[in-house]
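Please read the structure below before turning to the comments.
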Amino acid sequence: MLYTRVILNSTDNLDDILKKLGASKKSDFAFYDLIYLNKDGSSITDDTLKVRVYKHNEWNSKAVLVIRKKAEMINGAKEDKFLVREEFDMESEALNFVDENFKDSFDYKFKLEKSGEEYQNENLRIWVEDIENMGISIEFGSEKQEYIEDAIMLFDVKERLTISVPEYLYNKLKGE
């Protein structure tokens with residue numbers, strides 16, 4: 001699946017646009033990610049390691065995930081390649097797993113908090129998210145880039161991200 005994220009100027013007419021797209025609400029969620037930086041200097045987009053702790057979700061997963069993935073940018077969208085995806089019942093178990101498997105190659109850098117809602121129509125998955133220190137953004141997921149592009153045109157877009165949210169926020173925290 002291809003993914004594209006945009007930051008919005010405004011959420012005016014958001015409900016109307018989702019209705020126009022024929023997107024119905026599927027779930028809501030809230031979580032935080034503990035973001036780790038690769039010691040070899042890879043960008044966070046190129047090599048992401050995170051511990052995701054759900055405060056609330058309606059997805060079929062345990063309460064805590066450890067995810068390591070690489071993102072490939074393809075024509076303005078990204079495709080994620082998962083290298084590790086482990087599920088845990090408790091945050092302490094996940095942190096022990098990270099310490100045992102990644103302490104020599106990754107350092108913890110910051111916490112990223114998100115809450116939002118997931119919508120879906122026949123061609124798109126749409127996540128409307130409020131991300132701490134970033135504001136409201138939308139991530140579109142589809143098997144075809146054209147569906148994403150058509151949907152983006154309907155929104156009041158401030159910026160289209162070409163890097164991952166963790167890298168975007170890390171750069172912002174560093175003052176870049």
Side-chain angles (χ1 to χ4, degrees), residues 1-33 35 42-62 64-87 112-172:
M1 184 171 293
L2 298 171
Y3 298 94
T4 299
R5 182 176 299 273
V6 297
I7 300 172
L8 299 179
N9 275 316
S10 167
T11 57
D12 293 346
N13 304 318
L14 184 61
D15 291 336
D16 293 337
I17 296 169
L18 291 167
K19 284 179 189 170
K20 182 176 182 176
L21 287 169
S24 58
K25 184 178 175 185
K26 295 297 176 191
S27 67
D28 62 349
F29 55 88
F31 60 83
Y32 62 86
D33 287 340
I35 305 298
S42 297
S43 79
I44 297 172
T45 302
D46 293 340
D47 195 358
T48 300
L49 176 65
K50 61 186 162 191
V51 174
R52 174 163 290 171
V53 180
Y54 288 106
K55 297 176 183 179
H56 169 76
N57 85 64
E58 299 172 8
W59 302 318
N60 186 21
S61 73
K62 289 189 176 185
V64 184
L65 305 176
V66 173
I67 299 168
R68 184 176 182 192
K69 65 183 179 178
K70 294 182 181 276
E72 289 183 29
M73 299 306 289
I74 303 166
N75 299 322
K78 76 177 174 100
E79 186 173 21
D80 291 326
K81 307 286 185 195
F82 286 86
L83 306 174
V84 173
R85 186 182 187 283
E86 296 289 334
E87 298 188 17
L112 180 160
E113 294 203 46
K114 291 184 183 184
S115 62
E117 299 174 332
E118 177 187 18
Y119 296 84
Q120 188 172 350
N121 68 17
E122 63 187 35
N123 300 314
L124 285 169
R125 292 178 69 190
I126 302 165
W127 295 269
V128 179
E129 299 179 333
D130 186 3
I131 303 173
E132 186 178 40
N133 297 316
M134 190 170 151
I136 303 294
S137 72
I138 297 179
E139 184 171 49
F140 301 92
S142 181
E143 294 299 327
K144 294 189 177 183
Q145 183 69 24
E146 64 194 67
Y147 296 134
I148 293 172
E149 298 302 327
D150 290 345
I152 288 173
M153 305 251 328
L154 300 173
F155 292 89
D156 184 12
V157 174
K158 175 180 178 181
E159 182 178 0
R160 182 177 182 148
L161 295 189
T162 57
I163 56 177
S164 67
V165 168
E167 186 153 356
Y168 179 88
L169 287 174
Y170 182 66
N171 290 342
K172 191 173 178 180

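What you see is a predicted model; the values in this text were computed from it and never measured. Any value given below was found using the heavy atoms of this structure, including those in side chains, with hydrogens, waters and symmetry copies removed.
Considering Glu117, Glu118, His56 in turn, Glu118 is the only one that fulfils the side chain to side chain donor-acceptor pair (under 3.5 Å) rule with Ser27.
At least one side-chain heavy atom of Asn171 sits under 4.5 Å from a side-chain heavy atom of Ile163. Counting only heavy atoms from C-beta outward, the side chains of Glu132 and Leu112 never approach each other to under 4.5 Å. At least one side-chain heavy atom of Ile131 sits under 4.5 Å from a side-chain heavy atom of Leu169. Two residues are said to be in side-chain contact when any heavy atoms from C-beta on lie closer than 4.5 Å; Leu14 and Ile138 meet this criterion.
Annotation for Glu122: atom CD does not count as buried by contact number, only 12 or fewer foreign heavy atoms lying within 6.0 Å. Heavy-atom neighbours of Lys25 NZ from other residues, nucleotides or ligands within 6.0 Å: above the threshold of 12.
Distance check, rounded to the nearest 0.5 Å: CG of Leu21 to OH of Tyr147 gives 13.0 Å. Expressed to the nearest 0.5 Å, how far CD1 of Ile7 lies from CG of Leu161 amounts to 4.5 Å. Between the CZ atom of Arg160 and the CD1 atom of Ile152 there is a distance of 4.0 Å, given to the nearest 0.5 Å. Between Thr162 atom OG1 and Glu167 atom CD the span is 9.0 Å, to the nearest 0.5 Å. Glu139 CD to Glu129 CD: the interatomic distance, rounded to the nearest 0.5 Å, is 6.0 Å. Annotation: the span from Ser43 atom OG to Lys70 atom NZ amounts to 9.0 Å, rounded to 0.5 Å.
The two residues Ile126 and Phe140 come nearest to each other via the heavy atoms CG1-CD2, 4.0 Å. Of all heavy-atom pairs between Trp127 and Gly141, the closest is CZ3-N, 3.8 Å. For Val66 against Leu49, the heavy-atom pair with the smallest separation is CG1-CD1, 4.0 Å. Scanning all heavy atoms of the two residues, the minimum distance from Glu86 to Val84 falls at CG-CG1, 3.9 Å.
The main-chain N or O of Asn123 is found under 3.5 Å from a side-chain atom of Ser142 such that the two form a donor-acceptor pair. Between the side chain of Glu87 and the main chain of Lys62, a donor-acceptor pair closer than 3.5 Å is present. Side chain of Asn13 to main chain of Asp16: no donor-acceptor pair is present (N/O by atom type, distance under 3.5 Å, no hydrogens or angles). Listed for the Asp156 side chain is no donor-acceptor partner under 3.5 Å among the backbone atoms of Asn9.
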### Message
Assess the residue pair Lys69 and Arg85 against the criterion (side-chain contact (heavy atoms from CB on, under 4.5 Å)); give the C-alpha distance rounded to whole Å, side-chain angles, the decisive distance to 0.1 Å, and a yes or no.
### Response
CA-CA 9 Å; Lys69 65 183 179 178; Arg85 186 182 187 283; over 6 Å; no
### Task
Could you go through the side-chain contact (heavy atoms from CB on, under 4.5 Å) check for Glu113 and Ser115 one step at a time?
CA-CA 7 Å; Glu113 294 203 46; Ser115 62; over 6 Å; no
### Message
For a side-chain contact (heavy atoms from CB on, under 4.5 Å) check, start with the C-alpha distance between Glu58 and Asp28, then their side-chain angles and the critical distance, and finish with the verdict.
### Response
CA-CA 7 Å; Glu58 299 172 8; Asp28 62 349; 2.7 Å; yes
#### Entry: Full working for side-chain contact (heavy atoms from CB on, under 4.5 Å) between Thr48 and Asp80
CA-CA 10 Å; Thr48 300; Asp80 291 326; over 6 Å; no
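Taking the six-membered ring where tryptophan is involved, the planes of Phe31 and Tyr54 are perpendicular, since the angle between them exceeds 60° and thus also 30°.
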